[in-house]
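All remarks here apply to the structure that follows.
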2 protein chains.
Amino acid sequence: MESPPSPFQTPQQRSSARQAKRDAVLRAAVQMFNERGFHQTSLDDVAARLGVSKPTIYHYLGNKDQVLFECVTIGLSQLLEAAEASRQRPGQGIDRLIAFLTRYAEINMDDFGRCVVRTSDEALSPESRQQFHALKRQIDSAMRQLIRDGIEDGSIAPVDPKMLAFALAGALNWPARWHNPQGAETPATIAADLVHVLAGGFRPR
Amino acid sequence: MESPPSPFQTPQQRSSARQAKRDAVLRAAVQMFNERGFHQTSLDDVAARLGVSKPTIYHYLGNKDQVLFECVTIGLSQLLEAAEASRQRPGQGIDRLIAFLTRYAEINMDDFGRCVVRTSDEALSPESRQQFHALKRQIDSAMRQLIRDGIEDGSIAPVDPKMLAFALAGALNWPARWHNPQGAETPATIAADLVHVLAGGFRPR
DNA sequence: AAGACAATCTACTCACCAGTAGAAAATAGA
DNA sequence: TCTATTTTCTACTGGTGAGTAGATTGTCTT
């Protein structure tokens, strides 16, 4: 049995409602940025999609730069989380790397991950850009560490970790540009297929 | 001995001077687009770098969309040329693919190639976008053909050509985002290294 | 010499859009 | 009930930048 819902909200409810609205703004914004591009999307457009007016957005977020910055930060947090999860995983280096790469690719086909890939530094303010870079560097270094671990335990071929990380990141970022969310192939199968060809290379064995 | 240069120009000289100026506009524009981004670069900025005024640019090119479109078209032509050259190369499929990929990566670290990668469709007008897509599709299909040839002659591992092409393109486009032209590593060595890790994969042999 | 054409300039217009002022309505707390 | 706070609106400002009008100067062609 539920208790009859009161129309009066507790402070917790109010604050989480506020949070939900903020999130809705970011979600609408990121989808529109991905569809038409950041510069082709005005905050009036975002507001219209949500059925509110532009000042409402400014009530929840400081300015357009902050909207974009929060979007990419969400995406980057998801990637960092994935890196952390793989680091703690048991198993050989290559298995942990593969798990990470697969998740990495999947995130990059999702709203916020796509936005990370599609956002070039110049779109952000100098301050946001700096933090954007710092977060991306963290992810790059996590990927390199996983690679080094695998080379050490012999489960990954002895290649230059830096070059491998660039190659992998590039290949797995790319779907953010071409993958159609409405398409038939699911992100999970695309991710698995891409990781598979990258692991094996194209030289026959 | 040179003949004393006449201050009067032949029609050929005049028309090639015009072409040279047009090219100079595109070269200046593409470099600024790559440095600060298309939307952060006004045609006034480009004109200023060339020491002329904005209407001078409009004398050589129709509008800003056309400036960008010509830039990406130059880059895409270079890529198509590389594809054509590899197609006609003798040797096994894998060697021809590797030659193409290496050149592909190098072009993507050059002015116009970088612009191709960094330009997202939304920045172009619908008409230009359509041609942009058509050219990119040509390059993609050339790459897939090289892959299929190699699989057929047994020099390339039997993988899904589509997925492999996506993975390779992504990995070799990525330097357009991170490579610093002023940096120590040359495009040629980066290209070779990337192709090497992609050919071998990261699973040990 | 006269008219056409090429190259370039200064000085505009016009649309768009980020961001703000200030009011109105609702809600909360005293 | 009265005041403070939150949420939201309409209506504005101000800057930027694409693109144009029209003049100027020089250079061919006839």
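A quick note: this is a predicted structure, and the numbers were derived from the prediction, not measured. The chains referred to below are lettered A, B, ... by the order of the sequence lines, with proteins before strands, and numbering in each begins at 1.
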Can A:R144 be said to sit on top of A:F166's aromatic six-ring, NZ or CZ under 6.0 Å from centre and within 45° of the ring axis? yes
Give the rounded distance in Å between these two atoms: CG of A:N63 and C1' of D:dG14. 17 Å
So, is A:Y60 near the phosphate of D:dT6, with a side-chain N or O under 4.0 Å from OP1 or OP2? no
With rounding to the nearest 0.5 angstrom, report the NZ to CG distance, A:K21 to A:L50. 11.5 Å
Side-chain ion pair, A:K136 and A:D140, N-O less than 4.0 Å: no
Whole-Å distance separating the CD1 atom of B:I57 from the P atom of C:dA7: 15 Å
C:dA6 phosphate, OP1 or OP2: any side-chain N/O from B:K21 under 4.0 angstrom? no
DNA chain C: 5'-proximal contact among B:G51 and A:Q40 (nearest heavy atom): B:G51
Separation of D:dG17 P from A:H39 NE2 (nearest whole Å): 12 Å
Check the distance between D:dC9's C1' and A:D44's CG and give it to me in whole angstrom. 13 Å
Measuring from the side chain of B:P55 (C-beta onward, heavy atoms only), which nucleotide among D:dA18, C:dT10, C:dA21 has the closest atom? C:dT10
Determine the minimum heavy-atom distance between B:A83 and B:A142, stating which atoms define it. CB-CB, 3.8 Å
Nearest whole Å is fine: how far is D:dG19 C1' from B:L61 CG? 14 Å
Take A:D95 and A:R89 through the test salt bridge (charged side-chain N to carboxylate O under 4.0 Å, His left out) and record every step on the way to the result. CA-CA 9 Å; A:D95 302 317; A:R89 210 170 217 271; over 6 Å; no
With heavy atoms under 4.0 Å as the rule, sort B:S42 into base, sugar-phosphate or nothing. sugar-phosphate
Within the structure, does a side-chain N or O atom of A:H59 lie under 4.0 Å from either OP1 or OP2 of D:dT7? yes
Is the distance from OP1 or OP2 of C:dA7 to the nearest side-chain N or O of B:R18 less than 4.0 Å? yes
I need the CG-P distance between A:L68 and C:dG19, as an integer number of Å. 12 Å
Would you mind reading off the distance between B:K54 atom NZ and C:dC14 atom C1', rounded to a whole angstrom? 12 Å
Send over the distance from B:Q19 CD to C:dA6 P, rounded to a whole Å. 15 Å
Does A:T56 reach a base, just sugar-phosphate, or nothing at all? Heavy atoms under 4.0 Å. sugar-phosphate
